[in-house]
Amino acid sequence: MRDYDEVTTFLGEWGPFQRLIFFLLSASIIPNGFNGMSVVFLAAAPEHRCRVPDTANLSRAWRNHSIPLRLLDGREVPHSCRRYRLAVIANFSALGLEPGRDVDLEQLEQESCVDGWEFSQDIYLSTIVTEWSLVCEDDWKTPLTSSLFFVGVLLGSFVSGQLSDRFGRKSILFATMAVQTGFSFLQIFSINWEMFTVLFVIVGMGQISNYVVAFILGTEILGKSVRIIFSTLGVCTFFAVGYMLLPLFAYFIRDWRMLLLALTVPGVLCLPLWWFIPESPRWLISQRRFSEAESIIQKAAKMNNIAAPRVIFDPMELQELKLPGQQKVLILDLFRTRNIATITIMSLLLWMLTSVGYFALSLNAPNLHGDAYLNCFLSALIEVPAYITAWLLLRKLPRRYIIAGVLFLGGGVLLLIQFVPAGAYNRVLPYIVMGSLTVFIGIITLFFPESFGMTLPETLEQMEKVKGFIIKNAHEQPNEELQRVKSRRVQSARASVPMHLGNTTVLTHGCVHQFRSSLNLNVRGFYGGSGLGKNQEIRCRRKKTPKF
């Protein structure tokens, strides 16, 4: 029995149909870029100081000295969360005493900002920090906002693959696109921080789900020679484009509500893509909807100006596909044996620790010395040559050595930041932690099984034979239950769920993204056979994987 790639060989690899799918799916990723990083400007904390009411009976001199000074980075600046007790300095002002000459300011009693804060509008007109005074005693709410967004990303990672397996790639793609856009729009009407944050969690769910499903849909529709380009120069580069658009929008729109409104517009513009992006024929085949799959292939052939065969799927092949389904595979099956469990755990560590470094650096870019908008734009811009470099390297070199190399390089640079003179930038502890974790996971990566030029395992039994960190014990006797598990087919979405778990903060982080997505592999097992049992695959022999 032929496999799907063999059935659709007549379509070619890079015709008008493939180019349309490539660019439309990549374009649908653009809103993910600025939604994932929007909190950088939405929750920015401008310089602030305690408000002194205009009704306070203070002389000009006492009003100018009503805020105590503190030492910050070697210079004295007004305190952000304290002021001199207003009643005391009002009394001194009434007596005609001068601050610093008649009264020792260091001996004055201080109080908190009981009348609120005054925020600088030099950079931001308004943010959620200025809207709900998320400073001083409430400054913990700002980083929690970002953290809860990524809780939504985690939840979306769990459900997106399973939902797309159940209801289809296209339906879930546009449903999650609508969730991301719709709930971003609802955030504009938030009346308090709690409402904004709850909606932000849902936006995070839609953001990662849209990304994951678009990625899977593209790899299922496009041919082998295009998949590696789609997963690097496609989704990754267009994510970076969205990231670059964020500081441009934020530079011209300094009010957080108007900025959020502007960021929802591209998502709305993506909704008409429903009439141009088809359902995955592979998924339709897995659901035994053969006529619909054949109709999509026929339309693709017509768009490519190619004469399609009169019969695409042989009736005998379809008859074999109607055999009863098999038992479903669960996430826990990837921890049943030592070898598979070790590779799974290493994959989780790789994604999680790489995500920590990527998002920590990206979200911190506006806090570096210089213009916040320019820093954010450059942080996004540098990703484009990085993805191009990754694509070129992945065509020729083993994956694990590429990943380990870039992790060592990135981790080493982070560790070297501690040697920057203290006067220039002395908050180095986070960089030391990130650098150490990056170097650590770079070492772990060297123990992964190599995938360059290999075919992807399609069953747990095949995966057990892959040589990873642990060498299989020849004397180990699998029990009867394990033998049954190993004979099951690894279905697409459920096999990728642990990867999405490790991808709790995924969007795309340099070469590591390509380790999963741009392997020089036959990807039938992961992305093409959801719902197909071992005896139900459309194949009879494995084709030699071309070299890109």
Side-chain angles (χ1 to χ4, degrees), residues 14 18-19 21-37 207-208 210-212 214-219 222 224-248 266 350-351 353-363 365 375-411 413-414 438 441-442 445 451-452 499 502-503 505-521 523 547-548:
W14 192 239
Q18 288 88 349
R19 291 196 292 270
I21 298 302
F22 182 98
F23 288 108
L24 291 186
L25 285 177
S26 297
S28 73
I29 300 295
I30 291 178
N32 295 353
F34 47 70
N35 274 300
M37 302 296 180
Q207 191 256 6
I208 189 61
N210 174 71
Y211 181 93
V212 169
F215 176 85
I216 293 177
L217 182 58
T219 55
L222 298 173
K224 293 179 182 179
S225 63
V226 183
R227 288 173 193 147
I228 188 171
I229 305 176
F230 174 73
S231 59
T232 50
L233 303 186
V235 292
C236 290
T237 303
F238 278 76
F239 180 92
V241 169
Y243 188 7
M244 284 187 281
L245 289 175
L246 173 63
L248 296 179
L350 175 62
W351 276 104
L353 298 184
T354 305
S355 297
V356 168
Y358 175 82
F359 282 101
L361 293 174
S362 298
L363 295 175
N375 288 341
C376 185
F377 179 79
L378 293 177
S379 176
L381 181 63
I382 197 63
E383 292 190 15
V384 176
Y387 294 137
I388 296 174
T389 302
W391 170 61
L392 295 174
L393 292 175
L394 287 163
R395 296 174 63 197
K396 300 295 183 182
L397 299 177
R399 276 59 168 145
R400 57 179 176 177
Y401 295 125
I402 297 174
I403 298 175
V406 296
L407 289 174
F408 287 148
L409 177 62
V413 171
L414 289 173
T438 302
I441 197 59
T445 301
S451 59
F452 182 69
M499 295 187 186
N503 197 15
T505 52
V506 85
L507 292 161
T508 46
H509 330 131
C511 289
V512 178
H513 185 288
Q514 282 71 266
F515 183 72
R516 178 187 68 175
S517 61
S518 62
L519 303 181
N520 195 7
L521 303 173
V523 298
K547 192 170 185 178
F548 300 123

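The first residue of the sequence shown is numbered 1, and numbering continues consecutively from there.
- With rounding to the nearest 0.5 Å, the separation of CG in Leu245 from CZ in Phe377 is 9.0 Å.
- Interatomic distance, Cys236 SG to Ile229 CD1, rounded to the nearest 0.5 Å: 13.0 Å.
- Trp14 and Phe22 have perpendicular rings, their planes meeting at more than 60° on a 0 to 90° scale where under 30° would count as parallel.
- In this structure, Tyr387 and Leu233 approach most closely via the heavy-atom pair O-CD2, 4.0 Å.
- A search for side chain to side chain contact (heavy atoms under 4.5 Å, CB included) contacts involving Leu378 returns Leu374, Leu381, not counting sequence neighbours.
- Side chain of Ser28 to main chain of Leu25: a donor-acceptor pair is present (N/O by atom type, distance under 3.5 Å, no hydrogens or angles).
- Between the Ser379 side chain and the Asn375 main chain, no donor and acceptor come within less than 3.5 Å of each other.
- Scanning both residues, Met244 and Ala380, for their nearest heavy atoms gives CG-CB, 3.3 Å.
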- Can Trp391 and Ser231 be said to form a side chain to side chain contact (heavy atoms under 4.5 Å, CB included), step by step? CA-CA 9 Å; Trp391 170 61; Ser231 59; over 6 Å; no

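- Atoms CD1 and CG, on Ile21 and Leu222 in that order, are 7.0 Å from each other to the nearest 0.5 Å.
- The distance from atom CD1 of Ile208 to atom CG of Asn32, rounded to the nearest 0.5 Å, is 7.5 Å.
- Applying the ring-ring contact (aromatic ring centres under 6.0 Å, His included) criterion to Phe238, with sequence neighbours excluded, gives no partner residue.
- Taken to the nearest 0.5 Å, the CG atom of Asn35 stands 9.5 Å off from the CZ atom of Phe239.
- For the residue pair Ile29 and Val235, the shortest heavy atom distance occurs at CG2-O, 3.6 Å.
- What you find for Ala214 and Phe230 is that their closest heavy atoms are O-CZ, 3.8 Å.
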